[in-house]
Amino acid sequence: MELTGAEIVVRFLKDHGVRYIFGYPGGAVLHIYDALYKQKDVEHILVRHEQGATHMADGYARVTGQAGVVLVTSGPGATNAVTGIATAHMDSAPMVVITGQVPRHAIGSDAFQEVDCVGITRPCVKHNYLVKDAGSLARTLREAFYVAESGRPGPVVVDVPKDVTADRAWYEYPAEVSLRSYNPVTRGHPYQIRQAADLILSARRPMVYTGGGVVLGDASEPLVELTRFLGYPITNTLMGLGAYPGTDPQFVGMLGMHGTYEANMAMHECDVLIAIGARFDDRVVGDPKQFCPHARIVHVDIDPSSISKTIQVDVPIVGPVRGILEELLAALGESNRRPDEAALKAWWKRIDGWRGNDCLRYERGSDLIKPQYVVEKLYEVTDGEAFVTSDVGQHQMWAAQFYPFAKPRRWVNSGGLGTMGFGLPAAMGVQFAYPDAPVACITGEGSIVMCIQELSCAKQYRLPIKVVNLNNRYLGMVRQWQEFMYENRESESYLDSLPDFVKLAESFGHVGMLVERPGDVEGALREAFALRDRLVFMDFITDQSENVYPMMMAGKGQTDMVLRELA
Amino acid sequence: MQRLISILLENEPGALARVAGLFSARGYNIESLSVAPTEDPTMSRLTLATNGDDAVIEQITKQLHKLIDVIRLVDLTDGRYVERELMLIKVRASEPWRDGVRHLAEIFRGRILDVAGSSFVIELTGSRQKLDAFIDALDERCILEVVRSGAMGVGRGDRSLRA
Ligand SMILES: Cc1cc2nc3c(=O)[nH]c(=O)nc-3n(C[C@H](O)[C@H](O)[C@H](O)COP(=O)(O)OP(=O)(O)OC[C@H]3O[C@@H](n4cnc5c(N)ncnc54)[C@H](O)[C@@H]3O)c2cc1C
Ligand SMILES: Cc1ncc(C[n+]2csc(CCOP(=O)(O)OP(=O)(O)O)c2C)c(N)n1
Ligand SMILES: [Mg+2]
């Protein structure tokens with residue numbers, strides 16, 4: 001049928017099964033908004049800032065595995081979206097962002113609200129397009145979704161000039177999509193898988209190190225099966241939490257800068273490292289020269305450029321983690337070798353020794369609210385079943401350490417870019433995906449105000465999110481670094497003149513709660529979660545001096561951890 | 001180590017910017033770059049000269065592969081290949097250089113494309129080393145302009161880079 005470009009965009013989204021589109025209108029996209037108005041299949045969510053739209057789409061994408069969709073206008077609409085696009089890119093979240101552009105004849109003339117959107121976003125997208133005629137809109141959008149969701153996922157920007165949305169063209173949903181220059185690997189190399197199986201079974205001090213790739217590749221089940229079959233210790237990155245049950249005895253906790261003592265020590269001493277869907281980030285590795293000095297390394301990743309980027313590996317396997325783990329399991333089963341029981345027993349004994357250090361312990365019985373305690377209580381009150389998003393800072397680390405996720409796609413945070421302001425809109429995206437599920441946003445008084453305007457959007461769509469504000473009146477993570485590395489010189493890390501968060505929440509039409517005593521923490525949480533149809537903003541006034549432990553100092557060796565000293 | 005990488009690229013606006021942007025964003029070196037459409041006008045062939053240790057070159061080729069507009073690529077330096085670069089060089093042809101320059105051009109099998117009262121334009125093709133050697137051999141006071149195409153390369157024998 002013949003449609004206008006704007007109608008093609010909307011019709012395509014419907015035909016592609018898109019339910020929500022997070023956006024904000026403006027001149028260059030008004031034809032598209034008019035087409036949205038005339039239909040009911042795709043629901044548009046009116047955000048309050050384009051950054052919010054991108055994080056909402058991102059949150060939606062991370063818990064569903066489907067690309068989140070964003071629509072913004074040209075110029076400032078597009079530039080406001082850049083932070084969220086870069087956030088999604090760093091964490092490999094699938095997203096399609098449709099940006100308006102000035103009409104084709106005006107491109108390059110410094111027209112009103114013109115920016116080179118393709119140019120600005122090029123370094124922080126998986127791919128981007130400038131659509132040059134209405135006839136190529138449907139195919140371009142189809143490609144955009146395919147590229148965003150396949151292989152290593154990521155954001156794709158489609159820049160659409162206004163006159164293209166007015167032109168008419170023939171529309172048909174493109175059933176097929178193929179790109180001659182893009183063919184993600186669909187299967188791991190069988191020889192490499194056999195090599196890996198041999199190496200894995202030869203281990204005396206093995207370690208499984210998994211990351212966000214297991215979540216993105218929906219490979220939690222084969223991972224659990226593999227790990228239990230082997231009986232090996234396992235650690236997750238910040239992005240991989242939940243892919244292996246956080247309370248399982250084989251799980252030694254998160255690794256890296258704020259990982260557990262046992263996880264980092266075991267990494268350092270292991271002789272075979274099995275890295276799965278993790279990218280050897282510097283927050284995990286520390287000093288590459290001192291990283292896992294005794295280990296031979298197997299690395300499973302769908303992106304060849306993640307392999308041997310910072311750390312040289314011995315057995316690389318390129319491909320989707322799910323299929324590879326299934327084949328690896330089969331290869332292990334067929335092998336006549338078995339894990340070395342005696343060596344493994346000794347290894348676990350050593351690990352249990354490190355565990356005895358109880359590295360996450362903190363002072364109980366304080367008169368002040370300890371942030372860790374709030375997260376522990378949140379875990380109890382939600383039976384560990386909530387979706388949890390976070391912002392960036394100390395509270396993010398406490399969320400990761402004290403909420404042991406049982407399932408993948410329950411924990412949503414900005415790891416790679418570390419974007420303050422991510423938590424609230426991401427939680428809203430999650431709530432759109434799962435309207436009846438408990439969704440908590442663990443945040444800090446610094447981060448929350450970076451996208452606080454979305455409280456208004458949350459009101460409009462009646463999203464009953466529970467905001468857990470760990471209010472330490474500090475840019476706590478910054479203050480901690482200043483304490484450890486700058487002799488306590490608190491340069492600009494104190495947050496003065498904070499708003500009254502209770503009144504603030506109320507002014508947006510939500511419920512606000514101020515919690516100042518440890519004894520009130522659990523009651524407040526229970527009361528908040530009982531208000532099933534309201535957004536509740538809980539402002540927990542926490543101990544200002546609390547630090548995140550352990551801490552592996554940036555650029556140092558894995559064993560170089562600062563631990564908490566307790567009386 | 002010096003590397004010559006050959007790339008088949010979608011002939012789309014912006015595709016070249018992706019390649020160039022990748023090098024600047026990741027701090028890799030581009031020594032020279034030559035690009036033009038192939039017999040199939042939807043594709044460009046690009047030859048890129050760069051340097052780095054093996055790990056850097058491995059990352060460069062992997063990152064290039066990741067660009068959606070890159071159809072195929074090969075590191076020519078991994079095998080046997082032919083390399084050529086074209087140079088147009090304008091030199092002073094006044095005394096006392098006139099005869100010396102003409103003589104040097106002959107030795108290097110250069111062609112004099114333009115003869116004016118006080119200058120020559122010489123065309124020279126060859127490997128990068130040969131062009132460098134020609135420039136070195138000239139008295140630098142007589143060089144007016146140097147225009148080089150950047151190296152181009154193609155694998156010898158059965159090695160072909162096709163879509
Ligand atoms: C304040 C702060 C503190 C932090 N502290 C820590 C810390 O202590 N510990 C920590 O771990 N992180 C920490 N981080 C996060 C860190 O910066 C990185 O984001 C994180 O370590 C990367 O996780 P990952 O290796 O799992 O990779 P991800 O970014 O999740 O990347 C996933 C990898 O899997 C691959 N992949 C994707 N899909 C598939 C598939 N289907 N099959 C196979 N492979 C696939 C991708 O190619 C990629 O290589 C911190 C961040 C912040 C902001
Ligand atoms: C947009 C942005 N700006 C700056 C930073 C640097 N930064 C990292 S953590 C942090 C402090 C966060 O403070 P708060 O949200 O109160 O969390 P806390 O550490 O106190 O728990 C800052 C400023 C960042 N990550 N993101
Ligand atoms: Mg704070």
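What you see below is based on every heavy atom in this structure, not just the backbone, and it leaves out hydrogens, waters and symmetry mates. Throughout, protein chains are lettered first and strands after them, A, B, ... in sequence-line order, and every chain is numbered starting at 1.
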State whether the number of non-hydrogen atoms from other residues, nucleotides or ligands found under 6.0 Å of B:Lys90 atom NZ is greater than 12. no

Does any backbone or side-chain atom of B:Thr42 lie under 4.5 Å from a heavy atom of chain A? Answer side chain, backbone, both or neither. both

Counting only heavy atoms not in B:Arg109, do more than 12 sit closer than 6.0 Å to its CZ atom? no

Tell me, for A:Pro304 versus chain B, whether the close heavy atoms (under 4.5 Å) come from the side chain, the backbone, both or neither. both

Can you tell which part of A:Leu130 gets under 4.5 Å to a heavy atom of chain B, answering side chain, backbone, both or neither? neither

Which atoms of A:Asp303 come close to chain B, meaning under 4.5 Å heavy atom to heavy atom: side chain ones, backbone ones, both, or neither? side chain

Is the centre of the A:His299 ring less than 6.0 Å from the centre of the A:Phe280 ring? yes

Quick check on the interface: out of B:Lys62, B:Glu10, B:Glu12, who has the most heavy-atom pairs with chain A under 4.5 Å? B:Lys62

In this structure, are over 12 heavy atoms from other groups packed under 6.0 Å from B:Asp54 atom CG? no

So which part of B:Ala17 gets closer than 4.5 Å to some heavy atom of chain A, the side chain, the backbone, both or neither? both

Pick whichever of A:Lys309, A:Gln312, A:Lys132 has the most heavy-atom pairs under 4.5 Å with chain B. A:Lys309

Using a cut-off of under 4.5 Å for heavy-atom pairs, which of B:Gln63, B:Lys66, B:Arg72, B:His65 has the most such pairs with chain A? B:Lys66

If you count heavy atoms of other groups shown closer than 6.0 angstrom to CZ of B:Arg111, is the number above 12? no

Nearest 0.5 Å, please: how far is CD1 in A:Ile276 from CD1 in A:Ile324? 9.5 Å

